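We use all heavy atoms of the structure for the numbers below, so side chains are in, but hydrogens, waters and symmetry mates are not. One-based numbering, in listed order, for ligands and for the atoms of each. Please read all numbers here as calculations on a predicted model, not as lab measurements.
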Amino acid sequence: MSTPYSGKMELHIPEPLLTTLQEIGNIAGENAYLVGGSVRDLLLERENLDIDIVVVGDGIQLAKEMHRVWKGKIQVHHQFGTASVTPENPDKPKVDFVTARCETYNKSGTLPKVVPGSITDDLHRRDFTINALAMQIDTSNFGTIIDKVSGIGDLRSRTIQVLHDKSYTDDPTRIFRAIRYACRYSFNIAESDCNLINDAIPYLSDISGERIRNEIDRVLLEPNAPKILNELAKFGILSVISPHWKIPPSFPEDFQLAQKAISWSSQSLENDSICSNMILWMTLFGRHEKQGIPTYIIEYLCFRLVLEHKLVKFFGDSKHRPSTFSSKELTKIQITNVGIDLSENVLLEHHNGKWCIIDYEKKKTIVYEEGIMYKIRSPFTTLQCLYSVLDSLNATITSSEIYRILKPYPLEALVLSISDPNISKIQYDNINEFLLTLRFIQPIISGNDLIEWGEKPGKNFESILKTIFSEQLDGNIRSKSEAYSYFKQKTDIG
Ligand code: CTP
């Protein structure tokens with residue numbers, strides 16, 4: 001490590017950041033500092049839209065004072081001692097205020113115990129030396145950098161390193177962060193840190209699904225996400241989450257496809273709320289079944305990482321709950337006792353308060369909770385299914401068939417497929433017709449019309465309505481009266 005630094009540096013602080021910081025400094029004096037990534041990126045001369053201010057004293061109070069000056073919106077989170085102010089003037093940046101704190105970790109992977117602290121405490125609680133920097137913003141010291149841990153030296157030598165040996169085990173999400181920063185800035189992870197990371201990897205299994213997902217979400221927002229994910233895989237980080245989680249070889253190409261799909265949908269489907277995060281994850285799981293991750297592993301990952309999914313009950317009820325049931329002691333025998341035949345090649349994991357049963361032999365993942373078994377249903381598995389039906393979109397297909405085939409798929413899967421340069425012109429035209437026209441068509445008649453026409457409410461309603469809607473989609477029925485004639489013709493024959 002090089003020597004700690006404290007002093008003024010030649011910094012170019014662009015407007016409107018400069019004025020914003022001066023305004024905060026004028027009110028807070030020596031108690032407020034610009035910190036963390038904001039300082040790191042100023043020194044690296046990179047744009048950073050997150051403005052983090054640490055306040056020695058009361059962060060929320062200062063946020064309220066700045067809100068009085070700037071107007072606009074304020075969001076206060078009392079439990080974290082934080083507040084964000086979005087000034088009324090749209091040219092001014094949003095600013096996050098936080099009370100300076102001292103953190104101690106009792107157990108790896110849990111959130112730390114937090115008490116108010118000094119600026120030095122606050123810098124010492126941070127992940128990497130390059131993020132443990134603060135800049136004074138009061139009038140007399142404006143621009144003075146406080147560097148207690150040689151962060152500037154590490155920025156110069158392009159090194160990622162933690163402040164102490166327990167940092168990765170205290171908070172294993174820092175493993176993701178180290179690799180993300182190293183790839184983002186083309187920095188090296190210090191050799192000592194590579195060893196610490198390897199030692200801390202097993203602790204990742206204690207981290208909640210949400211926290212891991214949050215880290216991967218952040219990776220997926222980086223322009224070089226494929227490189228970062230490959231590094232994560234090389235370190236064995238993905239296989240701790242699931243031994244079958246591999247990065248599909250087509251991911252770098254698919255990631256470009258995802259960018260294209262996101263921008264296509266923002267232009268062509270501006271009235272739909274398309275989840276770009278789902279598009280990115282879908283490509284991470286792979287477009288084609290052969291190269292991508294098997295469906296039952298995607299289902300497991302959606303459950304484990306709390307990606308969108310539903311649990312669909314398919315067996316049992318709480319009466320089947322074994323009398324000795326204890327969620328901590330569940331064994332394969334207990335599951336077998338409730339009527340489930342388990343092969344040897346089964347992994348049981350306890351997540352999100354339930355048991356996940358991954359049967360590698362039968363290629364099935366199910367969730368078990370107190371006598372009830374569930375299937376996992378997730379929109380994230382649909383991309384591979386969609387690719388397996390694209391061949392049925394041929395030159396002679398009718399509009400109603402296109403509708404029937406594509407309707408079950410989420411828009412995210414459809415926009416990915418339409419952005420794929422490898423699909424045929426006919427497939428493109430059919431998906432386009434569905435996305436831009438067919439899916440908006442409303443059925444010309446309803447169940448009430450059938451009752452009016454003398455039909456008794458019953459099971460056949462659904463099939464009559466479906467047939468009439470298909471004829472409508474194919475252009476054979478254009479009005480209610482045409483629907484009625486069609487209906488009469490069919491029922492008379494019947
Ligand atoms: N931090 C930390 N440990 C973590 C997460 C965050 O010490 N697990 C600290 C770091 O000092 C970081 C700051 O909190 O600089 C803010 O966190 P975040 O917004 O995630 O990081 P940025 O540095 O702003 O990174 P990015 O540029 O990726 O947004």
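Distances between N or O atoms of Asp127 and those of ligand 1 include at least one value under 3.5 Å. By the 3.5 Å distance cut-off applied to N or O atoms, Asn48 is not counted among the residues near ligand 1. An N or O contact shorter than 3.5 Å is missing between Glu222 and ligand 1 by distance. Between Asp41 and ligand 1, a contact under 3.5 Å exists for no N or O pair. Residue contacts with ligand 1: Asp52 is placed with no nitrogen or oxygen under 3.5 Å of a nitrogen or oxygen of the ligand (distance criterion only).
Residue contacts with ligand 1 for Asp50 involve side-chain atoms from C-beta outward but no N, CA, C or O (heavy atoms, distance under 4.0 Å). Within the 4.0 Å heavy-atom criterion, neither part of Arg46 lies near ligand 1. With a 4.0 Å cut-off on non-hydrogen atoms, Val35 does not touch ligand 1 at all.
Counting only heavy atoms of the protein, atom 24 (O) of ligand 1 lies nearest to Gly37 CA, 4.0 Å. Looking only at protein heavy atoms, the nearest one to atom 29 (O) of ligand 1 is Arg218 NH2, 2.9 Å.
The closest approach between a heavy atom of Phe128 and any atom of ligand 1 is not below 4.0 Å.
Side chain of Asp138 to backbone of Gly25: no donor-acceptor contact under 3.5 angstrom is found.
Contact annotation: the side chain of Glu412 approaches that of Ile274 to within less than 4.5 Å [non-hydrogen atoms, C-beta and beyond]. A 4.5 Å side-chain heavy-atom check between Ile216 and Leu284 finds at least one atom pair inside the cut-off.
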Side chains of residues 35-62: which donor-acceptor pairs under 3.5 Å do they make with residues two or more places apart or in other chains?
from: Ser38; atom 1: OG; to: Val35; atom 2: O; distance (Å): 3.3
from: Ser38; atom 1: OG; to: Asp50; atom 2: O; distance (Å): 3.0
from: Ser38; atom 1: OG; to: Asp52; atom 2: N; distance (Å): 3.2
from: Arg40; atom 1: NE; to: Tyr185; atom 2: OH; distance (Å): 2.9
from: Arg40; atom 1: NH1; to: Asn131; atom 2: OD1; distance (Å): 2.7
from: Arg40; atom 1: NH1; to: Tyr181; atom 2: OH; distance (Å): 3.4
from: Arg40; atom 1: NH2; to: Tyr185; atom 2: OH; distance (Å): 3.1
from: Asp41; atom 1: OD1; to: Tyr185; atom 2: OH; distance (Å): 2.6
from: Asp41; atom 1: OD2; to: Asn48; atom 2: ND2; distance (Å): 2.8
from: Asn48; atom 1: OD1; to: Asp50; atom 2: N; distance (Å): 2.8
from: Asn48; atom 1: ND2; to: Gly37; atom 2: O; distance (Å): 3.2
from: Asp58; atom 1: OD1; to: Ile60; atom 2: N; distance (Å): 3.1
from: Asp58; atom 1: OD1; to: Gln61; atom 2: N; distance (Å): 3.1

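Asp217 and Arg213 are joined by a salt bridge, as a carboxylate oxygen and a charged side-chain nitrogen come within less than 4.0 angstrom of each other.
Counting the atoms of ligand 1 from 1 in the order shown, those under 4.0 Å from a heavy atom of Gly36 are 15 (O).
Between Tyr300 and His244, the distance separating the two ring centers is not shorter than 6.0 angstrom.
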>> For a side-chain hydrogen bond (donor to acceptor under 3.5 Å, both in side chains) check, start with the C-alpha distance between Tyr168 and Asp193, then their side-chain angles and the critical distance, and finish with the verdict.
In response: CA-CA 9 Å; Tyr168 293 110; Asp193 276 50; 2.7 Å; yes
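For the residue pair Asp96/Ser84, the side-chain donor-acceptor check at 3.5 Å is satisfied.
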